Each structure stands twice: as structure tokens, then as C-alpha cells.
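Note that the coordinates shown come from a computational prediction; the quantities given were computed from them, not determined experimentally. First the proteins, then the strands, lettered A, B, ... as listed; each starts at 1.
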Amino acid sequence: MAIEVRIPTILRTYTDGSKVVEGKGDTLALLIDDLDGRHTGLKGRLITDEGALHRFVNVYVNDEDVRFLGSLETPLKDGDSVTVLPAVAGGSL
Amino acid sequence: MLELPRAMVDQILAHARRDHPDEACGIIAGKDGVATRVIEMDNAERSPTFYRFDSQQQLRVWRSMDDADEEPFVIYHSHTATEAHPSRTDINLASEPGAHYLLVSTRSPEEEVRSFRIVEGQVTEEPVRVL
């Protein structure tokens, strides 16, 4: 078993067009490292140079926003489902 | 060109007026390039100068669109003191290259509705045809 990761349209250039990919890792940070090994460049779109989750990317583990779970340190186990969605945001300034 | 039924445009304008002076935001789901339904989203920022979809609501809505084979056809938001044109922030944060970005302004009682494509930082205005 592995962790299923749903990739949004805008990031599918990193996954050869795949909507769903699989990975492994005991935390979200480790999962993203694992994915980046096969889908080079994906990590840079999710994590800032300072090592934090990008402010305008939403990541959900089993439908919970990881900002309320432990961010990149959120623990994962086989069978978990991870969803990535770009935040929809903007403003007049 | 973006074609929308009058009722959808009216719903978006009413939403924007109701939330004024904060920015209002939402989407129109679509299927095969045709608008199917307006979904008003909560602006998690509740701000007159910024909007961000509530993340839990966004997940629910995106999943319901997936289930219905819909896509985010239009992403709309209001500007409450400036023109209905994408700001630098709007351009930097645009994350749905396939969507029409609809902007309305509530700065005056006049109807101000404009639509844009925003792809890799390039903004192209397109006509809005209200049916």
C-alpha cells in the first residue's frame, strides 16, 4: 500500500499529466521528498526556499487542511489520501 | 468570449453588493465550456482588499465538481474601491489557467463586469456576452 496523492491541473506538468500519483513517507515533508524524486520540480512548487509549506497551496490529508494538523510534520500512514489544491486568492492591491 | 446567463450575472452582482465593502468571491462551475451553476464561496480573509477561498469549502466544492465532471469555468471576485481589472496580486496568484477570471466592481452603483484570461502572468481581456 502507498499514499495516494491527487495533483491539481496546474501541477500536472510535473506528473506527465497524471491526476493521481502514489508515494510514501512517514510525514508530509518526507512524502513530498519521495514524490520529488520521480516528479522533479514538484517540491519547489509546494515548499518555499525557507522550507515552509507555500502560503498559497492547500494540502489536505484525508480531507483535513494540514494547516490544522501539523503542516509539513503531519504524520502519514499507508492508505492515507493526500490532495493538493492551489489556493484561490487575490486582491485589489 | 465569455457567455453567461443574465441570472448568473445578477446573482454574482447581488453577492458582491451584499458583501461590500469586503471582497466577494466564488466560482461558476461548467461542463464542456458551458456554465452550469454559481457557487458563492466564503472569503476567508473577510477583507476589503483581499480574498481567499475558505480551504475546507474549496475542497468540498472541487470534489463535487469532480464527481459531476465539471470544472472551475469562471472564478469571480469583486473589487470594492477600484476598477474591475486584475491587480498584480490577482495575476501573481492566478492558479487556474483554464478558467475565465470574472471581476466585478462595487465602487459605484453602475454595473461593472469584465472577464480575463490569466495564463502564466499574461492577462487578456475578453468580451462578456450576457444572454
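Residue A:Ile47 is grouped with residue A:Val5 when hydrophobic side chains (ILVMFWY) are merged at heavy-atom distances under 4.5 angstrom, including chains of intermediate members. Cluster annotation: B:Phe73 and B:Ile39 are assigned to distinct hydrophobic clusters (Ile/Leu/Val/Met/Phe/Trp/Tyr, side-chain heavy-atom contacts under 4.5 Å, transitive). When the side chains of ILVMFWY residues are joined at heavy-atom separations under 4.5 Å, either directly or via intervening members, B:Val38 and B:Leu4 end up in a single hydrophobic cluster. Connection of B:Ile118 to A:Leu11 is not established within any shared hydrophobic cluster, with ILVMFWY side chains joined at heavy-atom distances below 4.5 Å, either directly or through further cluster members. Transitive grouping of hydrophobic side chains (ILVMFWY, heavy atoms separated by less than 4.5 Å) keeps B:Phe116 and B:Val119 in distinct clusters.
Atom CZ of B:Arg46 is surrounded by 12 or fewer heavy atoms from other residues, nucleotides or ligands within 6.0 Å. Annotation: B:Asp10, atom CG; neighbour count of heavy atoms from other residues, nucleotides and ligands within 6.0 Å is above 12. Within 6.0 Å of the CG atom in A:Asp16, the count of heavy atoms belonging to other residues, nucleotides or ligands does not exceed 12.
The candidate with the highest count of non-hydrogen atom pairs below 4.5 Å against chain A, out of B:Asp90, B:Asn92, B:Leu103, B:Ile91, is B:Asp90. Contact tally against chain A (heavy-atom pairs below 4.5 Å) for B:Glu23, B:Met41, B:Glu71, B:His77: the top residue is B:Glu23.
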Residue pair A:Val88, B:Trp62: steps toward the side chain to side chain contact (heavy atoms under 4.5 Å, CB included) verdict: CA-CA 11 Å; A:Val88 179; B:Trp62 256 242; 3.9 Å; yes

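To the nearest 0.5 Å, atoms CZ (A:Arg67) and CD (B:Gln56) are separated by 11.0 Å. Atom CZ of B:Arg63 is separated from atom CG of A:Leu85 by 8.0 Å, given to the nearest 0.5 angstrom.
For chain B, the nearby part of A:Tyr60 is the side chain; its heavy atoms alone come within less than 4.5 Å. Using a 4.5 Å cut-off between heavy atoms, B:Thr82 touches chain A through its side chain atoms alone. Looking at B:Ile75, the atoms closer than 4.5 Å to chain A (heavy atoms on both sides) all sit in the side chain, from C-beta outward. Using a 4.5 Å cut-off between heavy atoms, B:Asp66 touches chain A through its side chain atoms alone. Proximity to chain A involves both the backbone and the side chain of B:Gln58, based on heavy atoms less than 4.5 angstrom apart. With a threshold of 4.5 angstrom between heavy atoms, B:Pro48 approaches chain A through N, CA, C or O but not through any side-chain atom.
Contact annotation: the side chain of B:Leu93 never approaches that of A:Arg55 to less than 4.5 Å [non-hydrogen atoms, C-beta and beyond].
In this structure, A:Gly91 and B:His79 approach most closely via the heavy-atom pair O-NE2, 3.7 Å.
Remark: side-chain polar atoms of A:Asp65 are not paired, donor with acceptor, to backbone N or O of B:Ser55 under 3.5 angstrom. Looking only at distances, no side-chain donor or acceptor of B:Thr49 sits under 3.5 Å from a matching main-chain atom of A:Ser92.
Looking only at atom types and distance, the side chain of B:Glu96 has no donor-acceptor partner in the side chain of A:Thr9 under 3.5 Å away.
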